[in-house]
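Just passing along the structure, written as structure tokens.
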Amino acid sequence: IEQGQLGENALITIDFSHNGNIFATGTGEGKIRLWNQNGKVLRIIDAHEDAIWGVSFNSDGETLASVSTDTTVKIWKTDGTLLTTLNGHKDMVRAVCFSSDGQILASASNEGNVRLWKPNGTKLKCLDDHHTGSVYAVRFNPKQPMIATTSGQGQLILWSQDGRLLRTWEKGHNGTITALDFSPNGRMFVTAAGDREVKLWRLDDDDKDQQNFRPHNLGNHTGESHLPTVFGVSFSSDNQTILLGNGSQDGKGYLELCDSESKLCRIIAQYDYQVLAVCFSSDSQMFALGKGDGSVELWRKEEDEFRFL
């Protein structure tokens, strides 16, 4: 989704802290909101001069990063204190992610590169040799030193954590891959793209290199033009459930739960606004979603079913 299609209030990104006590949201107006588990706003941070495209909590639960159209990466304490501003990108920054040990921060930009930083702002490396266009998503594999990035019109790349190229799919999708998430066990990841396909990539059991992920279509997201576009994806902590946030061409929104084994999906809610961001809590007993009108919903698990709070 492009910024011109979004209102200032649109809620574009969500992340839960690792202890699950709070979550953060970023909006088209450049504000970060911190929320508790009951959906109460704890703090509003005037974080950026333009739209926020990504927020990510460090594993310490005390700091988080945000990135924006204003080209900056910022590190915050959860009390709203700005710790540092990371400058180096020359164009809008679309995605941000901490490694699972909290020692590396990755930021992805329209320039076609991903910058790796220490949380204190020290520059580590710039991954820019192989991307074919703007980089839309970046994620660390939580179980091995691997980074996944998406670029251009469907390109998908795996890198080592020290910046070596591991594997490239030039046509992982037939459109821009804007959503990406690894499973907690590191053996799967899910991608969603502008071609209206959603793919689940799974490691072969006998793959000694841990790089040979094979794609499978998820649910009925198989590329037909009438299908909604998936903007947000999130894996549950048990690797079994994948949450999808969708938007149709007429502006409607859909929330889906998918099973990673059967690859079947079911719609559990429909909205008058597109669902732009979704995120499970670390224990997967809750999830949050953000919509194009700026509203947030919290769902909690009760007796094996998720219910809207």
Does a salt bridge link Asp181 with Arg139, judged by any charged N lying under 4.0 Å from a carboxylate O? yes
Could you label the plane-to-plane angle of the Phe182 and Phe213 rings as parallel, tilted or perpendicular, counting under 30° as parallel and over 60° as perpendicular? perpendicular
Non-hydrogen side-chain atoms of Arg300 and Asn38 separated by less than 4.5 Å: yes
Between the main-chain N or O of Gly20 and the side-chain N or O of Ser281, is there a donor-acceptor pair closer than 3.5 Å? no
Would you say Thr72's side chain and Thr85's backbone share a donor-acceptor pair under 3.5 angstrom? no
What pairs of residues pass the side chain to side chain donor-acceptor pair (under 3.5 Å) test when at least one of them lies in residues 252-263, not counting sequence neighbours? His221-Glu256, Asn246-Glu256, Lys252-Asp272, Asp259-Ser262
Ser284 versus Ser236, side-chain donor and acceptor atoms under 3.5 Å: no
Quick one: name the residues clustered hydrophobically with Leu264, using the 4.5 Å side-chain heavy-atom rule over I, L, V, M, F, W, Y, and just say none if it's on its own. none
Quick check: are there more than 12 heavy atoms from other residues, nucleotides or ligands sitting under 6.0 Å from OH of Tyr273? no
Listed pairs under 3.5 Å, donor-acceptor, residues 143-155 side chains, sequence neighbours left out:
residue : atom : partner : partner atom : Å
Thr149  : OG1  : His131  : NE2          : 2.9
Thr149  : OG1  : Trp159  : NE1          : 3.0
Thr150  : OG1  : Ala137  : N            : 3.3
Thr150  : OG1  : Ile177  : O            : 2.7
Ser151  : OG   : Thr132  : N            : 3.3
Ser151  : OG   : Gly133  : N            : 3.1
Ser151  : OG   : Gly133  : O            : 2.9
Ser151  : OG   : Ser134  : O            : 3.2
Gln153  : NE2  : Thr176  : OG1          : 3.0
Gln155  : OE1  : Thr132  : N            : 3.2
Gln155  : NE2  : His130  : O            : 3.0
Gln155  : NE2  : Glu170  : OE1          : 3.1
Gln155  : NE2  : Glu170  : OE2          : 3.4

Is a side-chain donor or acceptor of Ser68 paired with a backbone partner of Asp50 at a separation under 3.5 angstrom? yes
Just wondering, are more than 12 heavy atoms of other shown residues or ligands nearer than 6.0 Å to NZ in Lys171? yes
Ignoring hydrogens and geometry, is there a side-chain-to-backbone donor-acceptor pair from Lys291 to Gly253 under 3.5 Å? no
